[in-house]
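Position 1 is the first residue of the sequence; numbering continues from there. Source: prediction; values computed, not measured. These values consider heavy atoms only, across backbone and side chains, with no hydrogens, waters or symmetry-generated copies.
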Amino acid sequence: KGKVIRMIKKIIFLYFIITGLVYCDFLVNDRNFENPNNLTGLWKISLDDKFDKSKIDILHDVKVNKHLKSQYMNKIGIIWYYTNVEINMNIKTDMILLLGQIDDEEEVYFNGKKIGETKTEKYGDNDIKSKYDLKRFYIVPKDLINFSGTNEILIKVNNIVSDGGLYGKSIGIITAD
């Protein structure tokens with residue numbers, strides 16, 4: 001009888017975990033991006049190992065909802081993405097930065113402060129488990145946000161293999177509530 005109860009508890013626990021993951025995926029995928037903070041479109045990129053903001057005028061423009069390879073840029077290694085976003089809100093609240101998928105791993109900075117990263121998993125010397133298909137989103141604390149003007153987003157992408165870059169439909173910044 002005790003084994004049956006433990007099994008039922010495990011099933012109930014798994015049900016709540018799966019339901020929670022499906023709900024989180026619904027929140028991220030089904031938000032309405034018909035708003036001024038939709039960030040799809042052109043971003044600046046640098047193919048240098050270190051980002052130099054003084055060279056911003058000579059950086060390449062790329063679409064962030066397409067792989068780099070589909071835009072005639074095939075680079076294995078570091079790619080820096082840079083853009084500005086205007087946030088004009090009276091309510092000061094945390095926000096969620098939605099970045100779609102990123103091929104392969106990244107570090108994300110908002111107004112110069114690191115807000116998160118996703119790394120690949122390494123197995124042995126040559127095998128990796130890329131998270132290129134994982135939808136990325138990061139909480140941006142309200143104390144980092146300029147609510148009456150320009151905010152900078154900088155993403156250091158490390159393309160380990162294949163197409164590289166930011167892609168996907170859900171690229172934007174939304175309120176966390």
Side-chain angles (χ1 to χ4, degrees), residues 25 27-29 31-89 94-122 128-147 149-176:
D25 190 54
L27 286 176
V28 171
N29 290 325
R31 295 299 283 254
N32 178 5
F33 286 100
E34 312 250 340
N35 66 50
N37 294 322
N38 182 337
L39 297 175
T40 58
L42 295 177
W43 286 40
K44 298 282 189 184
I45 66 163
S46 170
L47 303 177
D48 296 333
D49 286 340
K50 294 189 178 185
F51 184 75
D52 184 353
K53 191 175 173 186
S54 69
K55 296 180 180 178
I56 197 74
D57 293 332
I58 61 170
L59 297 179
H60 303 282
D61 288 328
V62 295
K63 292 183 180 178
V64 292
N65 56 351
K66 293 185 173 188
H67 282 103
L68 280 179
K69 193 172 186 179
S70 70
Q71 299 178 72
Y72 309 104
M73 291 187 190
N74 192 13
K75 180 175 185 211
I76 300 298
I78 303 300
I79 305 142
W80 292 92
Y81 283 79
Y82 176 84
T83 195
N84 291 320
V85 61
E86 297 286 327
I87 300 174
N88 296 306
M89 296 176 52
D94 291 347
M95 300 196 78
I96 301 172
L97 180 61
L98 301 166
L99 297 174
Q101 291 99 324
I102 298 177
D103 189 359
D104 288 293
E105 59 184 21
E106 82 283 342
E107 295 176 8
V108 180
Y109 299 85
F110 194 90
N111 287 334
K113 302 289 184 188
K114 185 175 178 178
I115 60 169
E117 68 182 354
T118 301
K119 296 291 183 188
T120 58
E121 297 174 22
K122 298 184 179 14
I128 64 164
K129 169 80 170 108
S130 175
K131 297 183 180 177
Y132 70 93
D133 57 347
L134 179 68
K135 292 180 180 151
R136 309 313 210 274
F137 60 96
Y138 296 100
I139 301 293
V140 182
K142 63 184 173 189
D143 59 322
L144 290 183
I145 302 169
N146 178 1
F147 285 97
T150 303
N151 296 273
E152 295 181 343
I153 300 170
L154 181 64
I155 304 168
K156 179 183 179 182
V157 175
N158 185 12
N159 183 28
I160 298 169
V161 65
S162 195
D163 298 332
L166 273 73
Y167 66 99
K169 296 177 185 171
S170 299
I171 300 174
I173 189 163
I174 58 176
T175 59

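- Residues N151 and N111 have side chains that bring a donor and an acceptor to within less than 3.5 angstrom of each other.
- Of all the heavy atoms in Y81 and L166, the pair that sits closest is OH-N, 3.3 Å.
- In this structure, NZ in K119 is found 8.0 Å from CD in E106, a value given to the nearest 0.5 Å.
- The side-chain heavy atoms of I96 and V140, taken from C-beta on, include no pair separated by under 4.5 Å.
- In this structure, the side chain of D48 does not engage the main chain of K50 through any donor-acceptor pair within 3.5 Å.
- I155 CD1 to I45 CD1: the interatomic distance, rounded to the nearest 0.5 Å, is 12.0 Å.
- The distance from atom CD1 of I145 to atom CE of M95, rounded to the nearest 0.5 Å, is 5.5 Å.
- Under the 3.5 Å distance criterion, the side-chain polar atoms of D94 are matched with a main-chain donor or acceptor of K142.
- With a 4.5 Å cut-off on side-chain heavy atoms, E117 and V108 do not count as touching.
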| said: Using the rule given for side chain to side chain contact (heavy atoms under 4.5 Å, CB included), can you reason through V62 versus L42, listing the C-alpha separation, both sets of side-chain angles and the distance that settles it, and then say yes or no? | reply: CA-CA 5 Å; V62 295; L42 295 177; 5.8 Å; no
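- Rounding to the nearest 0.5 Å gives a distance of 11.0 Å between CD1 of I174 and CG of L39.
- Residues that satisfy the side-chain contact (heavy atoms from CB on, under 4.5 Å) test with K156, not counting sequence neighbours, are I78, W80, E107.
- Residues satisfying the salt bridge (charged side-chain N to carboxylate O under 4.0 Å, His left out) criterion with D143, sequence neighbours excluded, are absent altogether.
- Side chain of R136 to main chain of L98: no donor-acceptor pair is present (N/O by atom type, distance under 3.5 Å, no hydrogens or angles).
- To the nearest 0.5 Å, atom CD1 of residue I115 and atom CD1 of residue I139 are 9.0 Å apart.
- Distance CH2/W43 to CG/L154: 9.0 Å, rounded to 0.5 Å.
- Partners of N88 according to the side-chain contact (heavy atoms from CB on, under 4.5 Å) rule, which considers only residues two or more places apart in sequence or in another chain, are E86.
- E105 and N158 form a side-chain donor-acceptor contact under 3.5 Å, judged by distance and modelled atom types alone.
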| message | Walk me through whether I173 and I87 qualify under side chain to side chain contact (heavy atoms under 4.5 Å, CB included). | response | CA-CA 9 Å; I173 189 163; I87 300 174; 4.0 Å; yes
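- At a cut-off of 3.5 Å, with distance as the only test, a side-chain donor of Y82 or N84 sits close to an acceptor on the other residue.
- Within a 6.0 Å radius of NZ in K55, no more than 12 heavy atoms belonging to other residues, nucleotides or ligands are found.
- No hydrogens or angles considered: a donor-acceptor pair under 3.5 Å links the side chains of T118 and Y138.
- Closest non-hydrogen pair, D103 versus Y167, comes out as CB-CE2, 4.0 Å.
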